[in-house]
Protein chains: 2
Amino acid sequence: MASSGTGPRRVTIDDVAQAAGVSRQTVSRALNDKGEIGVSTKQRVLDTALALGYRPSRFARGLVRQDTVSVGLVIPDLLNPFFTEVAAGALEAARDRSWHVVVYDTGDRAEEERATLEVIASQVDAVVGYLSLPEDEIDKLTRGLPVVLIDREHRTQRFSSIRIDGESGVHAAIRHLTEAGHRHIGMLDHAERSEPSIRHRWFDAAMSACGLDASSVARADQSVEGGEDALQELLGRYPGITAVFTFNDIIAIGALRAARRTGRQVPRDLAVIGFDGLRLGTLVEPPLTTVALDTRRLGALAVEQAARLLTGGGPPHADELTVRTELRLRESA
Amino acid sequence: MASSGTGPRRVTIDDVAQAAGVSRQTVSRALNDKGEIGVSTKQRVLDTALALGYRPSRFARGLVRQDTVSVGLVIPDLLNPFFTEVAAGALEAARDRSWHVVVYDTGDRAEEERATLEVIASQVDAVVGYLSLPEDEIDKLTRGLPVVLIDREHRTQRFSSIRIDGESGVHAAIRHLTEAGHRHIGMLDHAERSEPSIRHRWFDAAMSACGLDASSVARADQSVEGGEDALQELLGRYPGITAVFTFNDIIAIGALRAARRTGRQVPRDLAVIGFDGLRLGTLVEPPLTTVALDTRRLGALAVEQAARLLTGGGPPHADELTVRTELRLRESA
DNA sequence: AGCGGTACCGTGAGCGCTCACGAGAGCGGT
DNA sequence: ACCGCTCTCGTGAGCGCTCACGGTACCGCT
């Protein structure tokens, strides 16, 4: 599985000790900058250690002084800017705790996720991230490991999760559109697990609160291309649409491109509002209006919750587990 | 430093063994799905393990069967799409080897990089990434650990590095511009370590090969805003400029924005060519012409080289350590 | 009864390191 | 000469786990 093979035995602390004519403990002292050691001996030990190519075993060290924590961060696709930002937030929070973060990119494949969880269980102290496997399977694979899910509903008490509260944000978005005179608003939903997404439910609620019909929906892959295709389909099926709300910014950007390609001016001919508030949205033309949330906080909260689970700290306040959203007006709507 | 404190002793394999009325070995067999164990005993052991909340120590396990490798990936800013892609490449290559990747984001601060390297030395088997500290300091902090630098020149034999060969790509870019009639071409260089970058040297060489003057240069921070500011400055100092080549795509995108803001049409009034070939470049308006390289391969090669260093494999061919570039024509030039 | 074989399970050792302790040397003070 | 103390270094134990053994029970067969 790895490097060892039948190669030469690794250089241990005892080898160094013997070569330098001292005891293990003295070598340890030299390497860890502890006191209780003469300067000349220290230098001699350090030299021989270097000469022998000695490198302490992190396992042996970790075994005795149990002071390092590492979390596994599992995400479907690091190249998706949304997950990148989540990861960045997690890394930052981990750094504050001097935790180590082992990152796994599953490529959005269930099989990879399974394999990752399998191997992760024996490598980290907690798991954090976007998991898509069924709960019972996750439970089985992680065997008691603390698990923090991000943006996912779950039934069992077995897991924690960080939630996104998009209700008010989506509401504000739809209200904004109606105030601009839009009556026929469509949505590009994400195609996950056949059932409609939570974001779609927020859309439904907001639409009916405004007395509008929310049935103009198309499904999109979570990619720019997916957004392009889906907008084409949506406009084909419901030609009267003057505005779209999308599952996320990536899809919205696809919609922007498709709109341009079909000769529509945004927002004049078609208003577009995304979801996530990615930085990327400021770079496209026109800059994307979006229901923004603090993505980095999403990752940060996840590791903080993992920390609580690990130390057995009390249950957190609900708002420590949810991030709120707000409408961020730019130029696409 | 971490969770332990004076908390209750952790549950060990012996605790489980005692509670289940069996030996350690039997517990081990149950947990690792080895044979030589009765089904009923196995179930009983598994149950008590779950009940006690037992989780095997990765250190103890790693110590005895030394079969897990992990690399530390150090990058200045995960949110910079370039580094994101490099990281993705590294993750993928690591997955192929079933290695673990511990990611550290230094935020481009020397102090963080130092702290990271310090802690990394006792946590991983090799270090890979973008390091900006002086060589001797890196050497001191990593103490014999295999280190693979990306896109950085180095003097000592102590390190390996993955190089970018931008010469032909930049040449093609400049040639493309001259063939389009441009005579006055500027560059937005990155402001690192006061000396001009290697990319700037390629620019110099390509310009003089075309018989042009390469002195119109401004320095930019490695961000969109940095690119905006720098283009303003460049156009202020050299008003005759009709085309710019930039240190990277991020800066180029800033240039695009600044051009639009100042009422210039790209590429009609100003041609822009970036460097890196980020996906992001396809999303901006107009799509960015760029000197493209395989960023993900950059990361992948780095971990592959780390693997060679770890196994003491022979020296690689030179082209296994460099990635080439090519001009990718889109619409900004 | 005796034998080999199979299915289970336990025992010692050891992975490489650090921690708590103790030991010796040297030195000054009384 | 004695005690104290400081500085330096070594020794046993143990972190939690797996591996290579060795042992017991029970089966069927000659």
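In what follows, every chain begins at residue 1, and chains take the letters A, B, ... in the order their sequences are listed.
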Between B/K42 and C/dC8, does any side-chain N or O lie under 4.0 Å from OP1 or OP2? no
Any side-chain donor near an acceptor of the partner, A/T41 and A/R29, under 3.5 Å: no
Between P of D/dG10 and CD of A/Q18, the distance in whole Å: 13 Å
Counting only heavy atoms not in B/E112, do more than 12 sit closer than 6.0 Å to its CD atom? yes
Name the pairing partner of D/dC29, where a pair is Watson-Crick or G-U wobble with both distances under 3.5 Å, or state none. C/dG2
A/D14 atom CG is separated from C/dT18 atom P, nearest whole Å, by 11 Å
Can you check whether any acceptor in the base of C/dC15 is under 3.5 Å from a donor in the side chain of B/Q66, or vice versa? no
Using atom CZ of B/R29 as one end and atom C1' of C/dA7 as the other, report the distance to the nearest whole Å. 11 Å
Would you mind calling C/dG5 syn or anti? Take O4'-C1'-N9-C4 for purines or O4'-C1'-N1-C2 for pyrimidines, and syn is within 90° of 0. anti
Select from A/V39 and A/Q25 the residue whose nearest nucleotide in DNA chain D is closer to the 5' end of that strand. A/V39
B/T26 side-chain N/O to C/dG10 phosphate OP1/OP2 under 4.0 Å: yes
Mark yes when over 12 heavy atoms from residues, nucleotides or ligands other than B/E135 sit less than 6.0 Å from its CD; otherwise mark no. yes
For A/R10 and C/dG14, what is the distance between atoms CZ and P respectively, to the nearest whole Å? 19 Å
Send over the distance from A/F59 CZ to C/dT18 C1', rounded to a whole Å. 17 Å
Select one nucleotide: of D/dC17, D/dC19, C/dC8, the one nearest the side-chain heavy atoms of B/E36. C/dC8
Does A/T41 place a side-chain N or O at less than 4.0 Å from the phosphate oxygens OP1/OP2 of D/dT8? no
Would you say the side-chain atoms of B/R152 pair up with the backbone N or O of B/S161, donor to acceptor, closer than 3.5 Å? no
For B/Q43 and B/D47, test the side chains for any donor-to-acceptor distance below 3.5 angstrom and give the result as yes or no. yes
Please give, in whole Å, the distance from C/dC17 P to B/R61 CZ? 21 Å
5' priority, DNA chain C, between B/S40 and A/V11 [closest heavy atom]: B/S40
Rounding to a whole Å, what distance do you find between B/L63:CG and D/dC19:C1'? 13 Å
Below 4.0 Å: OP1/OP2 of C/dG10 and any side-chain N or O of B/S23: yes
Rounded to whole Å, the CG-P distance (A/D33 to C/dT18) equals 12 Å
Is any N or O donor-acceptor pair between the side chain of A/R24 and the base of D/dG12 shorter than 3.5 Å? yes
Side-chain N,O (A/S28) to OP1/OP2 (C/dT18) below 4.0 Å: yes
Is B/R58 side chain donor-acceptor paired with the D/dG16 base, going by distance under 3.5 Å alone? no
Report the C-alpha distance between B/E111 and B/R114 in whole Å, list the side-chain angles of each, state the deciding distance to 0.1 Å, and finish with yes or no for salt bridge (Lys or Arg N to Asp or Glu O under 4.0 Å). CA-CA 5 Å; B/E111 196 38 61; B/R114 230 185 306 270; 3.3 Å; yes
B/K34 side chain near D/dT18 phosphate (N/O to OP1/OP2, under 4.0 Å): no
